[in-house]
Amino acid sequence: GSKAYEDAAAAFEALGDYEDSEERVLQLRYTAAVGLAESGETDAAIAAFAALGDYSDSAERANALRYQEAAALALADPEEAIVAFAALGDYSDSAERANELRYQRAAELALTDPAAGIAAFEALGDYSDSADRAASLRYDAAVALSVTDPAAGAAAFEALGDYSDSADKVYQVRYEAAAKMVARQEWDAAVALYTELGDYADRVAAYTQGTGQLQVTLHGYRPCHNAA
């Protein structure tokens, strides 16, 4: 077994630089590493090949075994598999495999924790459609936020720039907030928001394909809000 090869290697090593002793030591240790790999002692084999440095194809054999371990982890422990593939750098398709697993993890997170899903997709940069998936989640979050906090919702849409109809949504959310202010007779706040919207009528017409209308009804005189 591998122990016999190690014993023989130790004997040759004891001979120092006598003739080809050093080469024979490396050969025997390489053979022992191969035996470990074939018997399923993967971790020991990886360590043995790694210890051989650049001898023969030892580095390649070590990486191949690490890759196999990472692939086996992919189903049982995706997080550990990501770490293992990432540690392999540019070996084979390790970087692609790591990103595939990160993408799957981001998709799972998106279902239960959208904020975490957004962060995970954004961390993937331009991998696949990650940027679009992150923007889509941000859009959904902006829609939900607009119901409870219109100002924050409008800001979230604004941050999305030209994604989908986000630019139009900014005006729609602010317009709807102003309309609710009018309904609650919060005149000053409504006027301020309509003023901020600027060319409001044109934007409503554009948003509603020309069917939107602005109606103002006079309510007569009201007491001055700061009258004694």
Side-chain angles (χ1 to χ4, degrees), residues 1-10 25-145 156-157 159-164 166:
S2 60
K3 187 178 185 306
Y5 288 114
E6 279 298 327
D7 290 343
V25 167
L26 293 173
Q27 288 176 356
L28 288 166
R29 287 188 170 151
Y30 179 91
T31 302
V34 171
L36 288 168
E38 291 176 348
S39 64
E41 299 177 66
T42 307
D43 289 339
I46 289 172
F49 280 123
L52 283 163
D54 60 0
Y55 177 76
S56 185
D57 64 346
S58 296
E60 168 65 23
R61 295 288 292 265
N63 279 336
L65 289 169
R66 292 185 183 110
Y67 184 95
Q68 289 174 21
E69 283 198 324
L73 282 169
L75 291 177
D77 192 340
E79 294 294 333
E80 284 298 316
I82 289 170
V83 172
F85 277 124
L88 281 163
D90 59 0
Y91 177 77
S92 185
D93 63 345
S94 296
E96 173 68 18
R97 293 290 296 272
N99 280 335
E100 284 177 1
L101 290 169
R102 291 187 183 109
Y103 184 94
Q104 290 170 16
R105 178 60 177 153
E108 291 169 0
L109 283 171
L111 298 175
T112 57
D113 187 347
I118 289 168
F121 277 124
E122 288 183 342
L124 280 162
D126 60 359
Y127 177 76
S128 186
D129 63 344
S130 296
D132 191 67
R133 292 288 297 269
S136 177
L137 288 169
R138 286 193 179 280
Y139 184 97
D140 291 344
V143 170
L145 189 57
F157 279 121
L160 280 164
D162 60 359
Y163 177 78
S164 186
S166 296

Q.
My understanding is that only residues two or more places apart in sequence, or in another chain, count here; which of them pass salt bridge (charged side-chain N to carboxylate O under 4.0 Å, His left out) with Arg66?
A.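 Arg66 satisfies salt bridge (charged side-chain N to carboxylate O under 4.0 Å, His left out) with no other residue.
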Return the minimal non-hydrogen interatomic distance between [X] and [Y], and the atom names on each side.
| X | Y | result |
| --- | --- | --- |
| Pro78 | Leu101 | O-CD1, 4.2 Å |
| Ala70 | Ala81 | O-CB, 3.6 Å |
| Ala120 | Leu109 | CB-CD1, 4.1 Å |
| Gly125 | Ser130 | O-CB, 3.8 Å |
| Ser94 | Leu88 | OG-CB, 3.4 Å |
| Leu65 | Ala45 | CD1-CB, 3.7 Å |

Q) Is there a side-chain contact (heavy atoms from CB on, under 4.5 Å) between Phe85 and Glu100 once you walk through the steps? A) CA-CA 11 Å; Phe85 277 124; Glu100 284 177 1; over 6 Å; no
Q) Given side chains that start at C-beta, do those of Tyr30 and Asp57 come closer than 4.5 Å, heavy atoms only? A)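 Yes, side chains in contact.
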Q.
Any heavy-atom pair between the side chains of Glu69 and Ile46 that's under 4.5 Å?
A. yes
Q) Counting N and O atoms only, with roles assigned by atom type, does the side chain of Thr31 sit under 3.5 Å from a partner on the main chain of Gln27, one being a donor and the other an acceptor? A) yes
Q: Please test Tyr127 against Arg102 for side-chain hydrogen bond (donor to acceptor under 3.5 Å, both in side chains), starting from the C-alpha separation and ending with a verdict.
A: CA-CA 10 Å; Tyr127 177 76; Arg102 291 187 183 109; over 6 Å; no
Q: Verify side-chain hydrogen bond (donor to acceptor under 3.5 Å, both in side chains) between Tyr103 and Arg133, making sure each step is shown before the conclusion.
A: CA-CA 10 Å; Tyr103 184 94; Arg133 292 288 297 269; 3.0 Å; yes
Q | Nearest-0.5 Å distance that lies between atom CG in Asn63 and atom CD in Glu60 | A | 6.5 Å
Q.
Return the CG to CG distance between Asp132 and Leu137, rounded to the nearest 0.5 Å.
A.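 One finds 10.0 Å between CG of Asp132 and CG of Leu137.
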